[in-house]
S.K.: 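Here it is: the structure, laid out below.
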Protein chains: 2
Amino acid sequence: MAQKNRLQYIILGLLNIGSKTGYDLAKAFDSDIGEFWSANHSQIYPLLKKMEQDEMITHHEIQVGQKLVKKSYDITDQGKKNFHEWLEEPSEADNSHDEFILKLYFIKDANSELLEEMVVSQLELRTDKLSHLQDQLADKFPDQASQQANYGHYCVLKHAIQRESGYVDWLKGI
Amino acid sequence: MAQKNRLQYIILGLLNIGSKTGYDLAKAFDSDIGEFWSANHSQIYPLLKKMEQDEMITHHEIQVGQKLVKKSYDITDQGKKNFHEWLEEPSEADNSHDEFILKLYFIKDANSELLEEMVVSQLELRTDKLSHLQDQLADKFPDQASQQANYGHYCVLKHAIQRESGYVDWLKGI
DNA sequence: CAAAAACATGTAATTAATTACATGTAACAA
DNA sequence: TTGTTACATGTAATTAATTACATGTTTTTG
């Protein structure tokens, strides 16, 4: 395996909401999901083909206008099973692509038990990370002189702390 | 071009600070830089080779112990030029890999004019984005019912706003 | 009605990135 | 001294992702 192929799960999640074309899926990355993930149509169309081979999804054709036939994709039972297994897996606290946010996006029910579990474990992960960052700050930039000496690095660390701290606050509010 | 190959600039930035081995560079992604970027040694070593061919860097060998010879890399004038050109380019407000943070990390001087410019343009970009997100929230989740109906999506949008808002505050503090 | 924008679907070429494979040295601690 | 951890450097195989190429239809707007 080279990567977790999370795009696959995003597609499953989106199709779990309802039937969609490749174009619809691609569009989702221009708005909502684009907030924390990106994908191009040239990545989506081949993946849809592969996912259909793997029996995660199927498609039906829709006649539109005189000539155009579009493919609308649907999630299969196997696809739903895979999607839910992914949701239940622990999420890494990656700095770039945030898998937790990604999973959260697909939780509909505010009172879901899964949501509760997800938030608790993520909160643990993030508070650990925050205290680690705070240790680093104290260690590397103990005084004003050291802060000024490497201002960019100092700012970035401050930013990471603020981000993590905001993240923790937000998690607590869920 | 398939991507911006920002790893190249990170390496230039790190070598601009001082001579380093491939191992040193790889280690940087376990601590500081790991906060907002990732790279493996298997990506770094081949890239170092390529960058040396492109005359961005050179290396000298260091005898250590009885047998081991390590390669310590240095940035060339051309490399420095390229690095500074990158710093001066506008940074995208990507959601995953944050190029602005990346550049900031390499700014030493708190009173640098470049820093001032960078912050101003990034602030503009980010405030625009924030207001766009706030519009989205008002549009998609106007009442409690809509928030509950799609709680995960609501949380994610709230998170994006909180993140952007924190980002803007942090930028203002630089 | 004509033009433009949005819809719709793909492939090809290239580059980026991960995981796994592969090997060996040096320093340090028990 | 022996085992473990950290240092050190690569390659190979695979997958992920971007950019560019390619084409055509439908809907909307002026």
Side-chain angles (χ1 to χ4, degrees), chain A residues 1-11 14-15 19-31 33-34 36-54 57 59-73 92 94-97 99 102, chain B residues 1-11 14-15 19-31 33-34 36-54 57 59-73 92 94-97 99 102:
Chain A
M1 246 177 305
Q3 213 160 305
K4 280 125 201 173
N5 198 356
R6 286 177 279 210
L7 179 57
Q8 191 184 151
Y9 296 110
I10 301 173
I11 290 176
L14 289 171
L15 294 183
S19 194
K20 278 173 195 63
T21 65
Y23 188 85
D24 291 335
L25 291 167
K27 254 198 322 180
F29 292 91
D30 295 333
S31 52
I33 299 213
F36 50 89
W37 214 270
S38 64
N40 306 313
H41 77 272
S42 53
Q43 197 186 354
I44 289 168
Y45 286 113
L47 185 54
L48 284 170
K49 194 180 271 184
K50 190 191 164 286
M51 286 170 75
E52 190 159 28
Q53 275 166 21
D54 294 345
I57 59 175
H59 80 269
H60 61 275
E61 304 198 325
I62 297 173
Q63 184 82 34
V64 62
Q66 300 294 301
K67 293 183 177 181
L68 194 65
V69 176
K70 51 180 195 179
K71 292 185 186 172
S72 199
Y73 288 89
E92 281 169 58
D94 196 325
N95 314 110
S96 40
H97 282 53
E99 199 174 9
L102 202 48
Chain B
M1 247 176 304
Q3 214 160 302
K4 280 124 203 173
N5 198 356
R6 288 176 278 213
L7 179 57
Q8 194 183 150
Y9 296 110
I10 301 174
I11 291 176
L14 289 170
L15 294 183
S19 194
K20 278 171 194 67
T21 65
Y23 189 84
D24 292 333
L25 291 168
K27 252 198 324 180
F29 292 91
D30 295 333
S31 51
I33 299 214
F36 50 90
W37 214 271
S38 64
N40 306 313
H41 78 271
S42 52
Q43 198 186 352
I44 289 167
Y45 286 113
L47 184 54
L48 284 170
K49 193 179 271 184
K50 188 191 166 286
M51 285 170 75
E52 190 159 29
Q53 276 166 19
D54 294 344
I57 57 175
H59 81 270
H60 61 276
E61 303 197 327
I62 297 172
Q63 184 83 33
V64 61
Q66 300 295 300
K67 293 183 175 179
L68 193 64
V69 176
K70 50 181 197 180
K71 292 184 187 173
S72 199
Y73 287 89
E92 282 170 59
D94 197 324
N95 314 110
S96 39
H97 283 53
E99 199 173 10
L102 201 49

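Here the structure is a predicted model, which is why all the values come from computation and not from measurement. Basis for what follows: all heavy atoms, side chains included, without hydrogens, waters or symmetry-related copies. Below, chain A is the first sequence line, B the second, and so on; all start at residue 1.
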S.K.: Would you kindly give the CG-to-C1' distance between B:L47 and C:dA17, to the nearest whole Å?
M.R.: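 To the nearest whole Å, that distance equals 11 Å.
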
S.K.: Between A:N40 and D:dA17, is there a side-chain N or O to OP1/OP2 distance below 4.0 Å?
M.R.: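 No, no such contact exists.
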
S.K.: If you only use heavy atoms from C-beta on, which nucleotide in C:dG10, D:dC7, D:dT11 is closest to the side chain of B:Y23?
M.R.: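 Of the options given, the side chain of B:Y23 lies nearest D:dC7.
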
S.K.: Has B:Q63 got a side-chain atom pairing as donor or acceptor with B:Q66's backbone, closer than 3.5 angstrom?
M.R.: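 Indeed, once roles are kept as given, a pair shorter than 3.5 Å links the two residues.
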
S.K.: Could you tell me how far apart A:L48 (CG) and C:dT9 (P) are, to the nearest whole angstrom?
M.R.: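 Roughly 9 Å, once rounded to whole Å.
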
S.K.: Test your reading of the model: is there a side-chain donor-acceptor pair from A:K70 to the backbone of A:T21, 3.5 Å cut-off?
M.R.: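 A pair under 3.5 Å: no.
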
S.K.: Expressed in angstrom and rounded to an integer, what is the separation of A:R6 atom CZ from D:dA16 atom P?
M.R.: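 Interatomic distance, CZ of A:R6 to P of D:dA16: 11 Å.
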
S.K.: Would the distance check show the side chain of B:S19 and the main-chain N or O of B:Y73 forming a donor-acceptor pair, the cut-off being under 3.5 Å?
M.R.: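 Indeed, once roles are kept as given, a pair shorter than 3.5 Å links the two residues.
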
S.K.: For A:D54 and A:M51, indicate whether the former's side chain and the latter's backbone hold a donor-acceptor pair under 3.5 Å.
M.R.: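 Judged by distance alone, no pair lies under 3.5 Å.
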
S.K.: If you pin A:Q43 and A:L68 to their nearest nucleotides in DNA chain C, which one's is more 5'?
M.R.: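 Checking each residue's closest nucleotide, the 5'-ward one belongs to A:L68.
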
S.K.: I need the CD-C1' distance between B:Q66 and C:dA27, as an integer number of Å.
M.R.: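 Result: 13 Å.
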
S.K.: Identify, between A:Q63 and B:S42, the residue whose nearest nucleotide on DNA chain D lies closer to the 5' end.
M.R.: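 Nearer the 5' end of the strand: B:S42.
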
S.K.: How is B:V69 classified with respect to the nucleic acid when contacts are heavy atoms under 4.0 Å: base, sugar-phosphate, or nothing?
M.R.: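 Result for B:V69 = nothing.
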
S.K.: What is the distance, to the nearest angstrom, from the NZ atom on B:K50 to the C1' atom on C:dA16?
M.R.: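 Computing the B:K50:NZ to C:dA16:C1' distance gives 12 Å.
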
S.K.: Between B:Y45 (OH) and C:dT18 (P), how many Å, whole number?
M.R.: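 Roughly 16 Å, once rounded to whole Å.
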
S.K.: Taking only N and O in the side chain of A:K70, is any of them less than 4.0 Å away from OP1 or OP2 of D:dT25?
M.R.: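 No.
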
S.K.: Could you state the atom-to-atom distance from CD1 of B:I44 to P of D:dC7 in whole Å?
M.R.: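 Value for this atom pair: 14 Å.
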
S.K.: Going by heavy atoms in the side chains, are B:L25 and B:L48 under 4.5 Å from each other?
M.R.: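 Yes, at least one pair of side-chain atoms sits under 4.5 Å.
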
S.K.: Could you check how far NZ of B:K27 sits from P of D:dT5, rounded to whole Å?
M.R.: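 Interatomic distance, NZ of B:K27 to P of D:dT5: 17 Å.
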
S.K.: Report the residue (A:A39 or B:H41) whose heavy-atom-nearest nucleotide on DNA chain D is the more 5′ of the two.
M.R.: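 The answer here is B:H41.
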
S.K.: Between B:K71 and D:dG10, does any side-chain N or O lie under 4.0 Å from OP1 or OP2?
M.R.: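 True: B:K71 side-chain N/O within range (under 4.0 Å) of D:dG10 OP1/OP2.
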
S.K.: Can you identify which nucleotide, out of D:dT26, D:dT11, D:dA17, has its nearest atom closest to the A:L7 side chain?
M.R.: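 Comparing D:dT26, D:dT11, D:dA17 against the side chain of A:L7, the answer is D:dA17.
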
S.K.: Is a donor-acceptor pair below 3.5 Å formed from side chain A:T21 to base C:dT9, judging by atom type as modelled?
M.R.: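 Between C:dT9 and A:T21, which were checked side chain against base, a qualifying N/O pair under 3.5 Å is absent.
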
